[in-house]
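Notes follow once the structure below has been shown.
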Amino acid sequence: MAPKGHFKFDDEGFNDRAPATTNINKALEEKKEKQEKQEKQKKAEKFEKFQQQTQPQPHSPQLNGEKSSQQQQQQSQVLNKKRKREDNDRDGQKRHQVKREDNDREGQRRHQGHSGKELNGKSERLNNNGKGRNGSPVNSSLKAKANALLSKRKDLPIWAHQSEIRQSLAKKNVMLLVGETGSGKSTQVPQFLSTEPWCRPQMVKVAKDGKGPIEDLSVGGCIAITQPRRVAAISLARRVAEEMGTPLGNSSPASTVGYSVRFDNSISRNTKIKFLTEGMLLQEMLRDPWLRQYSAVVVDEIHERGVNVDLVAGFLQKMVSGKNEGRGGIPLKVVVMSATADMEGLLKFFDAGFKQPTAAVNGKGQKAIKKDEEETEWSGISSDDNKASKKAYGTPNGTVSKPGPNTDSKSNALVKKHKNGNPEGDESAPFTEFDPVKFGSPHISVCFIEGRQFPVKIFYTPEPVQDFVDAALHSIFQIHYKEPLPGDILVFLTGQDTVENLEQLVREYASGMSPELPKLLVLPLFAALPQAAQQRVFQPTPPKTRKVILATNIAETSVTVSGVRYVIDCGKVKIKQFRNRLGLDSLLVKPLSKSAAIQRKGRAGREAPGQCYRLYTEKDYLQLAQANTPEILRCDISQAILTMKARGIDDIINFPFLDRPPREALEKALLQLYQLGALQDDGAISEVGLKIAKLPLTPSLGRVLLAAANPDMDCLLEAIDIISALSVENVFLNLTSEEKKEEAETARRDISRREGDHLTLLATVQAYAGENSDRKAWSERHFVSHRAMQAVMDVRKQLRAQTTHLPISADDIVAYDSRTYAVTPERAGLILRCFLKGFSHNTARMMPDGSYKTIIGNQTVAIHPSSGLFGKKVEAIMYNEFVFTNKSYARGVSGVQMDWVGEALA
DNA sequence: GAGCACTGC
């Protein structure tokens, strides 16, 4: 029977007083709302008609073998073709489609899969195997394929803007481009620009490092496009290579399109278009602050606002408004692209650089943000920290505490505006203040591209919902009873616990359903789910069945599931927030932002008109924050600060932040870097700091690595093994049943160490690396994640390669890798003391009652149940992470001696 | 007695 009663939407179930507007850009929306509505209706009608005509589709012969015979995918494929909507966004749907074509053509990639997420494993490492195929037959077939793709490209919404984009960038060096999903911006903009006259390499005479002798250097010729995720960088590069008829990356010296992501660099001498992750561009900036190989940098998906993209934006803002001395005066073109970003804020941000080249946004902007730091209840250790910080840097002349003297009210307003967004802006509200013409800048052009999305109808609950799991349950069955097939349901929940609760409830209710109704196939989806279980989501829906996917935020950006027409949005999201005063990460359930709500809603309208059920009231929706809090405002920024220092930014206070971290966060980060020895007394970066900044590690772990390389300690290879394991999540599998846990305990006996998690990880990595016959079987025997261990080995390899300047030789490595004896207790102590060099602040001592209190701050902390030391009592502990969920937990824990801690703190 | 999502020469 259908669940009924206490939960329902307005008007006999559903309330549709808030019709969907799928166009996110409000400026466009205002102008085009009517026109679009009509268009969309037409489109929808057309689609319905088409769907009726094409319902039973024969299987496509060219795509046999692969899962392409799956009805659903094929349907969407045919649909795409018919509608000439070549998908150009970078999510899973397209990825697996593109990838599948690769497989059919070349059959050379392993780890075949259908989700973008799966690509996100280690599989992309091996994608350059089809080398040496640049003979003329292949080239001509590449060209033929590119020609075939051209007509699809011409149908993209962005194609009509081609000359506008070219002309704008010929005149102005900065362009802001808003384009919705499906507009084609990520694939087409680089191609438009790569043939422009300004994109050719030029020889200039310039002093290479700013001071030395004048040299002839080449500047420009290449375009960089940044992406927040590795999969996106790789799949976009592959797609653009196909469209241009060129081999991809390092498969041929003739290749003009490549990519660069961690563990996988695929470029050639002739690369003109290079997709890379934001972090990768930052690393390139450390090596060449002037980015001399590039004529242009395209920052894509800036609205996601990871820490790295904020730093990239700051560096670029300084660069475009500077004199380009290091580039022989040749300007760098910058294109900033986004689906939803606050373009007004971005325009002002870049414009401020031109107006005030040295201090675009200054210190006072903090005020607007500071209220976000709701840390009053955490006042425990703050005063100590503040004192220490002031002592280290001094208020009047320190690099740190200097308040911005030349406060500019405009830029304050910018910070404030940017922070708060459009306060009353609901999706359909006109973005009243923004007018590209009015805000036009002599340096910056703005371009809006319409997207392609089906309309999605929004329903709100009439009353606030107490229990969203219960509400979601009712919504699922309301949809299932009311709406015809096909049309799968995607439910956004907060975490594994809510997913599993709801999963059980839906199964219970479904078992009592009338047998005449279509069946429900309930599928959970969250990051910690084993790979095989995640894959079930991408398998075709069986006949007379409706899929119900219960997902965390993983489905918001990382993974696209086809077939979804109904989205249920619980209105909450679990986010990590760093508490500066405690050095503690909190994982909390919070209301999501409007742009995230819009993103979730959009998942229903990718293949057909859809519906979105919001488990909150319209009033609550209107009160949501406009955008997600940028990561830089809610994470430990010590690594970001160190990157800036290493890049030559000494005056952190006057750095042009897109959103300025509160002073407290800056001080905390600077203090921590100072305590690690990465900064000198005057706040300048030290030798140690420079070395740490070049490592792909947090400053703490980088410090450990340097300590271990010290001849007195001499345990670098051991430290690298542990650090590699610590930088990968969940080496050990999550075990649910008691039996499994006991079984695992026995199986892991040979790799468990009583000293704690660090040495257990060391033993695990050593044993895994020493297993030469079948590592997968070894992992299964030990209840260890093989996927995680592959990632560990990647990091380990990278760290070994990066530390060759440190005192280890190839012989040392051979000797280390061939040894079989266990680490002695003495050596274990030595290793832990190295870790204390980076983690002295993450220590706690046992109290007489058996609880632990942090040595700095005297906070109660419990050992996380995932730790091998859980339930054990030792004199003192050192831990890798301090996390608050239900209470404060230490994760990655080892026992240490108090005198070691004293030695490290001294 | 517990696990949002990404990412790095």
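What you see is a predicted model; the values in this text were computed from it and never measured. Letters A, B, ... mirror the listed sequences (proteins, then strands); counts begin at 1. Scope of the values below: all heavy atoms of this structure, side chains included, with no hydrogens, waters or symmetry mates.
Side-chain proximity of A:Arg229 to B:dA5, B:dG1, B:dT7: nearest is B:dT7. Checked against B:dT7, B:dG1, B:dC4, the side chain of A:Pro865 finds its nearest nucleotide in B:dG1. Across B:dG3, B:dT7, B:dC4, the shortest atom-to-atom separation from the side chain of A:Thr552 is found for B:dC4. Closest contact between the side chain of A:Ile554 and the listed nucleotides B:dA5, B:dA2, B:dT7 involves B:dA5. Of the candidates B:dC4, B:dG3, B:dA5, B:dC4 carries the atom nearest the A:Lys576 side chain, counting heavy atoms from C-beta on. The listed nucleotides are B:dC4, B:dC6, B:dA2; the one nearest the side chain of A:Ser866 is B:dA2. The A:Asn886 side chain lies nearest to B:dA2 when the options are B:dA5, B:dT7, B:dA2.
Using a 4.0 Å heavy-atom distance criterion, A:Gln798 is classed as a sugar-phosphate-only contact. Across all strands shown, A:Lys741 has heavy atoms under 4.0 Å from base atoms, whether or not it also approaches the sugar-phosphate. Within the 4.0 angstrom heavy-atom criterion, base atoms lie near A:Leu697.
Paired with A:His758 under the rule ring pair (Phe, Tyr, Trp, His ring centres under 6.0 Å), one option of A:Phe835, A:Tyr879, A:Phe839 passes, and it is A:Phe835. Shown are A:Ser752, A:Ser894, A:Ser867; of these, the side-chain hydrogen bond (donor to acceptor under 3.5 Å, both in side chains) with A:Asp757 is made only by A:Ser867.
Between A:Asn308 atom CG and B:dT7 atom P there is a gap of 11 Å when expressed in whole angstrom units. In this structure, A:Leu282 places its CG atom 15 Å from P of B:dT7, rounding to the nearest Å. If you take CZ of A:Arg305 and P of B:dT7, they are 18 Å apart, rounded to a whole angstrom. Residue A:Glu745 contributes atom CD, which lies 16 Å from atom P of B:dG1 at whole-angstrom precision. Distance, A:Leu726 CG to B:dT7 C1': 17 Å, rounded to whole Å. Rounded to whole Å, the distance from CZ on A:Arg600 to P on B:dC4 is 13 Å. One atom, CD of A:Glu729, and another, C1' of B:dA2, lie 13 Å apart when rounded to the nearest Å.
In this structure, A:Thr885 reaches the B:dG3 phosphate: one of its side-chain N or O atoms is under 4.0 Å from OP1 or OP2. The shortest distance between the side-chain N/O atoms of A:His864 and the OP1/OP2 oxygens of B:dG3 is below 4.0 Å.
Nearest-nucleotide mapping onto DNA chain B: of A:Phe870 and A:Phe526, the residue sitting toward the 5' end is A:Phe870. Residue order along DNA chain B, read from the 5' end via each residue's closest nucleotide, puts A:Val573 first among A:Val573 and A:Ile692.
Both tests pass for A:Arg647 against the ring of A:Phe315: distance under 6.0 Å to the centre and angle within 45° of the axis.
Applying the salt bridge (Lys or Arg N to Asp or Glu O under 4.0 Å) test to residues at least two apart or on different chains, the pairs with a partner in residues 493-505 of chain A are A:Glu503-A:Arg507.
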Which donor-acceptor pairs under 3.5 Å do the side chains of residues 719-727 of chain A make with protein atoms, sequence neighbours left out?
residue: A:Asp721; atom: OD1; partner: A:Arg796; partner atom: NE; Å: 2.7
residue: A:Asp721; atom: OD2; partner: A:Tyr816; partner atom: OH; Å: 2.6
residue: A:Ser724; atom: OG; partner: A:Ile720; partner atom: O; Å: 2.6
residue: A:Ser724; atom: OG; partner: A:Arg796; partner atom: N; Å: 3.4
residue: A:Ser727; atom: OG; partner: A:Ile723; partner atom: O; Å: 2.9
residue: A:Ser727; atom: OG; partner: A:Ser724; partner atom: O; Å: 3.1

